[in-house]
Amino acid sequence: MPELPEVTTITSQLKGSVVNKKIKDVIIKDKRLIKAIPPKKFKSKIKGKTIKDILRRGKVLVLKLDQKLFFVIHLRISGWLMLSKKEEQYARVILALSDNKLLNFCDMRALGEIKLVEDWRKLPIIKTMGPEPLEIKKENFIELFKNRKAMIKPLIMDQKFLAGLGNIYAQEALFCAGINPERKASSIKKEKLEKLYDCLISILKTAITKKGSSSNTYRQLDGAQGSYIPLLKVYQREAQPCFRCKTLIKRKVTASRGTYFCPQCQR
DNA sequence: AATGGGACCTGCGCGC
DNA sequence: TGCGCGCAGGTCCCAT
């Protein structure tokens, strides 16, 4: 799934449903997702613990348990969480909760991961993570791009540069701002960067309101799809007319990721 | 410092 | 129908 709007959606839905629930049991269907701790030890450590809070940083989801323990989830490409009464298809790790519901960590491609740590802020992925796009001020956002020679699209997708953007929302924001995905970051005028900032904020906020995009496996906690897909302007619209100028949307590979853009509007 | 390619995985849709 | 290929919303690691 999971870019910032999707993980944000999961976070708020978990807050409303699993906080103060006790973990009665853990069912490990696929131990490959459990990182850096033997599955047996993993099980015994969290059994009986209570979920105290849900946190998010970038695309990382954190379940704060009692006794200074953090259950850290990264959904990677194809992971999603589902709270239900039964074991779901593609469930890899399942938490059986005290209200008899099952928190299913489903993942088609099994690339997601779970870590159990005493201090989640010490994880390398967290320590090196860039600012949150919905928290950084405009002037500080503009500053980030100074002297950066990388192409704009891979740069804003770099989690060390800016947290939470992935391949969908990066492309949508660049279309909105009229910036070619391969433009060198430092060559972009201040006004364009300001526009990019406004676009990012508005797209991310709207996507959160729509509870994410379900173009693939992503689901909300109850299994429903997110509803941002109809609002996408370029993503997966190859050879369809640009909504702004009717030029056909192109797809090309940039930094080994598929990239959709309007060759006319995005310079 | 920055970029490119491969690895990790499974499943889908497409063309032949 | 069956098969092979490209493609998929992420990140890390290595080589250059």
Side-chain angles (χ1 to χ4, degrees), chain A residues 1-10 29-36 56-61 72-81 88-93 105-115 123-130 133 144-175 181-187 200 203-204 207-208 210-220 225-239 251-260:
Chain A
M1 85 169 194
E3 299 182 39
L4 187 148
E6 288 77 21
V7 184
T8 301
T9 301
I10 299 274
K29 314 278 293 181
D30 188 338
K31 59 180 193 291
R32 291 175 302 178
L33 304 226
I34 314 284
K35 306 293 179 184
R56 178 198 65 80
R57 175 79 167 97
K59 303 172 192 171
V60 177
L61 181 62
V72 182
I73 298 176
H74 200 306
L75 297 163
R76 292 287 188 98
I77 290 185
S78 62
W80 73 99
L81 294 182
E88 297 294 331
Q89 194 184 10
Y90 299 114
R92 307 274 176 184
V93 177
F105 181 175
C106 306
D107 191 351
M108 198 173 76
R109 288 167 69 182
L111 293 171
E113 51 182 52
I114 295 173
K115 284 179 181 156
L123 287 169
I125 192 172
I126 300 296
K127 282 210 296 195
T128 62
M129 198 172 283
L144 294 177
F145 295 86
K146 268 194 179 161
N147 303 321
R148 299 298 299 235
K149 290 168 196 150
M151 292 184 287
I152 184 77
K153 188 206 171 205
L155 184 63
I156 60 173
M157 285 176 65
D158 180 351
Q159 301 300 295
K160 295 177 175 64
F161 179 79
L162 192 65
L165 288 189
N167 208 25
I168 291 185
Y169 298 108
Q171 294 174 59
E172 293 297 311
L174 290 172
F175 171 78
E182 297 194 338
R183 272 286 294 275
K184 295 265 173 283
S186 56
S187 78
L200 265 179
I203 287 170
L204 292 174
I208 290 169
K210 296 290 178 185
K211 304 184 191 309
S213 308
S214 294
S215 92
N216 198 356
T217 55
Y218 163 73
R219 293 293 180 275
Q220 296 177 51
Q225 300 203 353
S227 53
Y228 191 78
I229 292 291
L231 301 184
L232 294 172
K233 302 288 190 288
V234 284
Y235 183 70
Q236 284 184 340
R237 292 197 64 248
E238 186 179 16
R251 176 186 185 274
K252 73 177 293 187
V253 175
T254 294
S256 61
R257 304 301 300 273
T259 304
Y260 301 86

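Bear in mind the structure is a predicted one, so any value in this text is a computation, not a measurement.
A donor-acceptor contact closer than 3.5 angstrom is absent between the side chains of A:Asn147 and A:Ser186.
The phosphate of C:dT11 (OP1 or OP2) has a side-chain N or O of A:His74 nearer than 4.0 angstrom. Taking 4.0 angstrom as the limit, A:Arg148 places none of its side-chain polar atoms (N or O) nearer than this to OP1 or OP2 of B:dA1. The phosphate of C:dT11 (OP1 or OP2) has a side-chain N or O of A:Lys59 nearer than 4.0 angstrom. Remark: A:Gln159 is in phosphate contact with C:dT11, judged by side-chain N or O atoms under 4.0 Å from OP1 or OP2.
Residue A:Glu113 is out of contact with every strand shown, counting any heavy-atom pair closer than 4.0 Å. Within the nucleic acid shown, A:Ala110 has no heavy atom closer than 4.0 Å to any nucleic acid atom. Nucleic acid contact for A:Tyr90: sugar-phosphate only, since backbone atoms but no base atoms lie under 4.0 Å from a heavy atom of the residue.
In this entry B:dC9 has no Watson-Crick or G-U wobble partner, no candidate having both defining distances under 3.5 Å.
To the nearest angstrom, C1' of B:dC12 lies 14 Å from CD1 of A:Ile77.
Of all nucleotides listed (C:dA8, B:dC8, B:dT10), B:dC8 comes nearest to the side chain of A:Leu111. Closest contact between the side chain of A:Arg76 and the listed nucleotides B:dG4, B:dT10, C:dG10 involves C:dG10. Comparing C:dC7, B:dC9, C:dT11 by their nearest atom to the side chain of A:Arg109 picks out B:dC9. Comparing B:dG4, B:dT10, C:dC12 by their closest approach to the side chain of A:Met108 singles out B:dT10.
Between C:dT1 and B:dT10, the two P atoms lie 26 Å apart (nearest whole Å).
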